[in-house]
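So the structure is just underneath, and the comments pick up after that.
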Amino acid sequence: MLDIKLIRSNPEEIKRALEKRGTQANLEEFLKLDEERRNLLVEVEQLKSLRNRESEEIARRKKQGEPADDLIEKMREVSSKIKEMDDRLKEIEGKLEQLLLMIPNIPDESVPVGESDADNVELRRWGDPRKFDFEPKPHWELGEALDILDFERAAKITGSRFVVYKGAGARLERALINFMLDLHIEKHGYKEIFPPFIVNRASMMGTGQLPKFEEEAFKLYNNTDYFLIPTAEVPVTNLHMNEILEKDDLPIYYVAYSGCFRAEAGSAGRDTRGIIRQHQFNKVELVKFTEPDKSMEELEKLTKDAEEVLQLLGLPYRVVALCTGDLGFASAKTYDIEVWMPSYNRYVEISSCSNFKDYQARRANIRYRPEKGAKPQFVHTLNGSGLAVGRTTAAILENFQQADGSVVIPEVLRPYMGGMEVITAK
RNA sequence: GGAGAGAUGGCUGAGUGGUCGAAGGCGCUCGACUGGAAAUCGAGUAGACGGGGAAAAUCCCCGUCUCGCGGGUUCGAAUCCCGCUCUCUCCGCCA
């Protein structure tokens, strides 16, 4: 959510910034309502002030045993007028809130301007895509042949876009989760969080999934207002909803494993094969709360923390800066990490690292005190995948496959796999 | 799921219709005392929104709102009524 005062004082600048995203917000209506609200507020507050003063007078008279009927009668009218105006105010504020919640974040100055993912800017590459001396197979073929991924049975027990991991596949997925968590906890200083996989509406609002993207979320219908989390970002960022943190608490680094659940509405026909795009997947998520002037450098660090996972696994990747047109709704700046995927013959997103600045903090009301006794200020929030686990499994299968269809397990994972070095068909 | 109790500031805890944004205590900040510290004494110490001032602010002045959330009664609600959420205790159920 943007700062109302910023919109009020600088609507043109915000309009320009949002146009770079390819969205236009209805700022005229917003500003009109905002002005109406303030005029009404001044009026009703004057009436309330009058009521407060006269109420004291009534109290005084009653105590003295003097009659106060005339004042009471007068205040009866004032009060009913106040009620009318308060109702109108509430209506306006509701509309303002709705408009405000639909306005995306402003891109940072450093974000390249562009319309689509074609305009994203590659920043760096690590590792070289492997040259195969045989025809490499896509991970779904490898997985089925090794009997570690089972799409048919997943479709039977649930539906499309679900998968069953079996045997060494299940263990590989679990090994990756533990490896990633351990790396971020032990080496990068994150604190582990194991959050609920179900959140309420306020949390979904706080991080920006709602109200605009409700059709993307899985909603629980027996519990009127619960959602399956699309990412651990939601429960973990909202951990500090409505809190005022101390300066000494910052920065906060959290890492959380969670299942993630996405309706994937509108992506029919995209990545239908394999485990790249599923309704349920595993992810290890990095979340940071920082002081405003530190968030940009913290984004760089967070991205590096995620990159290190790929480096240790030996998977080639590149990092791109998302352009303004490709930026997520709540993000001010995003780096995508893309892993080399032989079956796609291109780099595929495996992590998205974003600085939301104060956008989420304002929605979720997460503040801190810059100094003892100072006024609270909104923190900056950041998050990034560290990494998407299912896609990492897919990348390992494809990049480390051998001519006979077996897959070499990266060395760093072997301790998590009971020493297993190669996954072979039984 | 059933029965009961409760939700007040950073914490604790008083307050059953008016002078209560809220006693007392703890904590914290500043000052005094001290060679320094402790103890002691004094002062201060919630947030949001809006108006005015100022070049501007997280500054100054004024007003309004907030005692879990929402509604109601009343001239006036932390206090009375209704609904909801959460916490605790007991019972039931359950991994």
Side-chain angles (χ1 to χ4, degrees), chain A residues 1-10 13 30-97 99-100 194 196-206 220 222-227 235 238-250 291-294 357-358 361-380:
Chain A
M1 174 156 75
L2 299 181
D3 186 353
I4 298 186
K5 286 173 190 156
L6 195 66
I7 301 178
R8 210 180 275 154
S9 63
N10 229 334
E13 193 188 318
F30 183 89
L31 290 170
K32 213 181 107 203
L33 281 169
D34 177 56
E35 201 184 332
E36 193 181 347
R37 167 177 177 269
R38 278 179 295 149
N39 291 338
L40 206 54
L41 201 54
V42 169
E43 230 182 303
V44 75
E45 284 186 356
Q46 279 169 358
L47 282 182
K48 284 180 180 174
S49 177
L50 172 72
R51 181 176 71 184
N52 288 343
R53 265 182 284 125
E54 300 293 30
S55 285
E56 273 179 46
E57 172 65 12
I58 290 168
R60 194 195 60 78
R61 285 198 202 172
K62 291 224 161 176
K63 213 168 191 175
Q64 306 284 318
E66 296 170 22
D69 293 358
D70 55 330
L71 266 186
I72 289 176
E73 189 52 41
K74 192 171 139 205
M75 285 309 106
R76 207 192 302 273
E77 278 170 41
V78 169
S79 273
S80 77
K81 189 148 186 214
I82 287 173
K83 182 154 172 22
E84 261 173 51
M85 295 172 80
D86 268 346
D87 288 347
R88 172 72 185 139
L89 254 184
K90 194 173 273 181
E91 195 185 313
I92 292 172
E93 280 169 357
K95 279 188 196 164
L96 275 172
E97 169 100 350
L99 287 173
L100 204 54
F194 196 110
F197 293 0
I198 294 174
V199 293
N200 58 28
R201 179 170 290 269
S203 294
M204 292 289 274
M205 289 278 204
L220 269 49
N222 54 340
N223 256 308
T224 51
D225 238 6
Y226 284 175
F227 298 83
N238 284 291
L239 235 34
H240 295 297
M241 188 195 318
N242 296 325
E243 289 185 17
I244 300 175
L245 303 164
E246 291 304 324
K247 181 192 168 86
D248 291 347
D249 298 334
L250 301 177
E291 295 179 72
D293 59 336
K294 306 266 171 51
K357 294 193 178 171
D358 63 359
R362 186 169 269 113
R363 286 170 84 115
N365 193 26
I366 306 168
R367 294 171 292 172
Y368 82 108
R369 261 180 232 286
E371 278 161 63
K372 275 230 179 308
K375 273 215 170 301
Q377 239 184 66
F378 290 109
V379 300
H380 280 194

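So you know, we letter chains A, B, ... as the sequences are listed, proteins then strands, and number each from 1.
The interatomic distance linking Arg53(A) (CZ) with rC62(B) (P) rounds to 14 Å, in whole Å. Note: CD1 (Ile7(A)) to P (rC49(B)) measures 14 Å, nearest angstrom. What separates NZ of Lys48(A) from P of rA77(B) is a distance of 10 Å, to the nearest Å. Atom CD in Glu93(A) sits roughly 13 Å away from atom P in rU66(B) (whole-Å rounding). Between the CG atom of Asn39(A) and the P atom of rG63(B) there is a distance of 21 Å, given to the nearest Å. Between the CD atom of Glu77(A) and the P atom of rU74(B) there is a distance of 15 Å, given to the nearest Å. Ile72(A) places its CD1 atom 17 Å from the P atom of rG17(B), with the value rounded to the nearest Å. Per the geometry, CD belonging to Glu246(A) stands 8 Å off C1' belonging to rG10(B), to the nearest Å.
Looking at heavy-atom distances under 4.0 Å, Lys74(A) makes no contact with the nucleic acid at all. Residue Arg362(A) is classed as having no contact, given no heavy-atom separation below 4.0 Å to the nucleic acid. Using a 4.0 Å heavy-atom criterion, one finds that Leu71(A) contacts no nucleic acid atom at all. Arg37(A) comes within 4.0 angstrom of the backbone, heavy atoms only, and of no base. Residue contacts for Arg369(A): at a heavy-atom cut-off of 4.0 Å it reaches the sugar-phosphate backbone alone, with no base atom in range. Contacts of Arg61(A) with the nucleic acid, taken as non-hydrogen atoms under 4.0 Å apart, are absent.
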Next item on the list: Carefully, step by step, assess Phe30(A) and Ile4(A) under the rule side-chain contact (heavy atoms from CB on, under 4.5 Å).
Entry: CA-CA 10 Å; Phe30(A) 183 89; Ile4(A) 298 186; 4.2 Å; yes
Note to self: For a salt bridge (Lys or Arg N to Asp or Glu O under 4.0 Å) check, start with the C-alpha distance between Glu371(A) and Lys247(A), then their side-chain angles and the critical distance, and finish with the verdict.
What the structure shows: CA-CA 7 Å; Glu371(A) 278 161 63; Lys247(A) 181 192 168 86; over 6 Å; no
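For rG4(B), the paired nucleotide is rC88(B), the pair qualifying as Watson-Crick or G-U wobble because both relevant distances are below 3.5 Å. The pairing partner recorded for rG36(B) is none, the criterion being a Watson-Crick or G-U wobble arrangement whose two distances lie under 3.5 angstrom. Shown here, rG83(B) forms a base pair with rC69(B); the pair counts as Watson-Crick or G-U wobble because both key distances fall under 3.5 Å. Pair check for rG27(B) finds rU45(B); Watson-Crick or G-U wobble, both atom distances under 3.5 Å. Of the nucleotides present, none pairs with rG9(B) by Watson-Crick or G-U wobble criteria with both distances under 3.5 Å. In this structure, rG50(B) forms a base pair with rC62(B), meeting either the Watson-Crick or the G-U wobble geometry with both donor-acceptor distances under 3.5 Å. Using Watson-Crick or G-U wobble geometry with both donor-acceptor distances under 3.5 Å, rA22(B) finds no partner in any strand shown. Applying the Watson-Crick and G-U wobble criteria (two distances, each under 3.5 Å), rU16(B) pairs with nothing in any strand.
When the P atom is used for both rU66(B) and rU73(B), the distance is 16 Å, rounded to whole Å. Taking the P atoms as reference points, rC84(B) lies 41 Å from rC26(B), given to the whole Å. Using atom P as the reference point in both rU12(B) and rC65(B), the two lie 28 Å apart (nearest Å). As rounded to the nearest Å, rG2(B) and rC69(B) have P atoms that lie 25 Å from one another. Annotation: rG17(B) and rG72(B) have their C1' atoms spaced 16 Å apart (nearest Å).
A distance of 4.0 Å separates NZ in Lys294(A) from CD in Glu291(A), rounded to the nearest 0.5 Å. One distance of note links CG of Leu33(A) with CG of Leu96(A); it measures 5.0 Å at 0.5 Å rounding. Of the inter-residue distances, the one linking Leu220(A) atom CG with Ile198(A) atom CD1 reads 5.0 Å to the nearest 0.5 angstrom. Between Glu35(A) atom CD and Arg8(A) atom CZ the span is 10.0 Å, to the nearest 0.5 Å.
The residue among Arg76(A) and Val44(A) whose nearest nucleotide of RNA chain B lies closer to the 5′ end is Val44(A). Residues Asp87(A) and Ala59(A) both approach RNA chain B. Their nearest nucleotides, taken by heavy-atom distance, put Ala59(A) toward the 5′ side.
When the nucleotides rG63(B), rC65(B), rG47(B) are ranked by their closest atom to the side chain of Glu45(A), rG63(B) comes out on top. Closest approach to the Arg38(A) side chain among rG50(B), rC75(B), rG47(B) is made by rG50(B) (side chain taken as heavy atoms from C-beta onward). Checking rU64(B), rC75(B), rA48(B) against every side-chain atom of Asn52(A), the shortest atom distance belongs to rU64(B). For Val42(A), the listed nucleotide lying nearest its side chain is rG51(B); candidates were rA48(B), rG51(B), rC75(B).
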Item checked: Per-nucleotide protein contact string for nucleotides 54-60 of chain B, where B marks a base within reach and S marks sugar-phosphate only (heavy atoms under 4.0 Å, - for neither) -> ----B--
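Side-chain atoms of Ser203(A) do not come within 3.5 Å of backbone N or O of Val199(A) as any donor-acceptor pair. Listed for the Arg363(A) side chain is a donor-acceptor partner under 3.5 Å among the backbone atoms of Met205(A). Judged by distance alone, with hydrogens and angles left aside, the side-chain atoms of Arg367(A) form no donor-acceptor pair with the main-chain N or O of Gln377(A) at under 3.5 Å.
Regarding contacts with the backbone of rC62(B), every side-chain N or O of Ser49(A) stays at 4.0 angstrom or more from both OP1 and OP2. For Arg51(A) and rC75(B), the shortest distance from a side-chain N or O to OP1 or OP2 is not below 4.0 Å.
Remark: the Asn242(A) side chain and the Asn365(A) side chain contain an N/O donor-acceptor pair separated by less than 3.5 Å.
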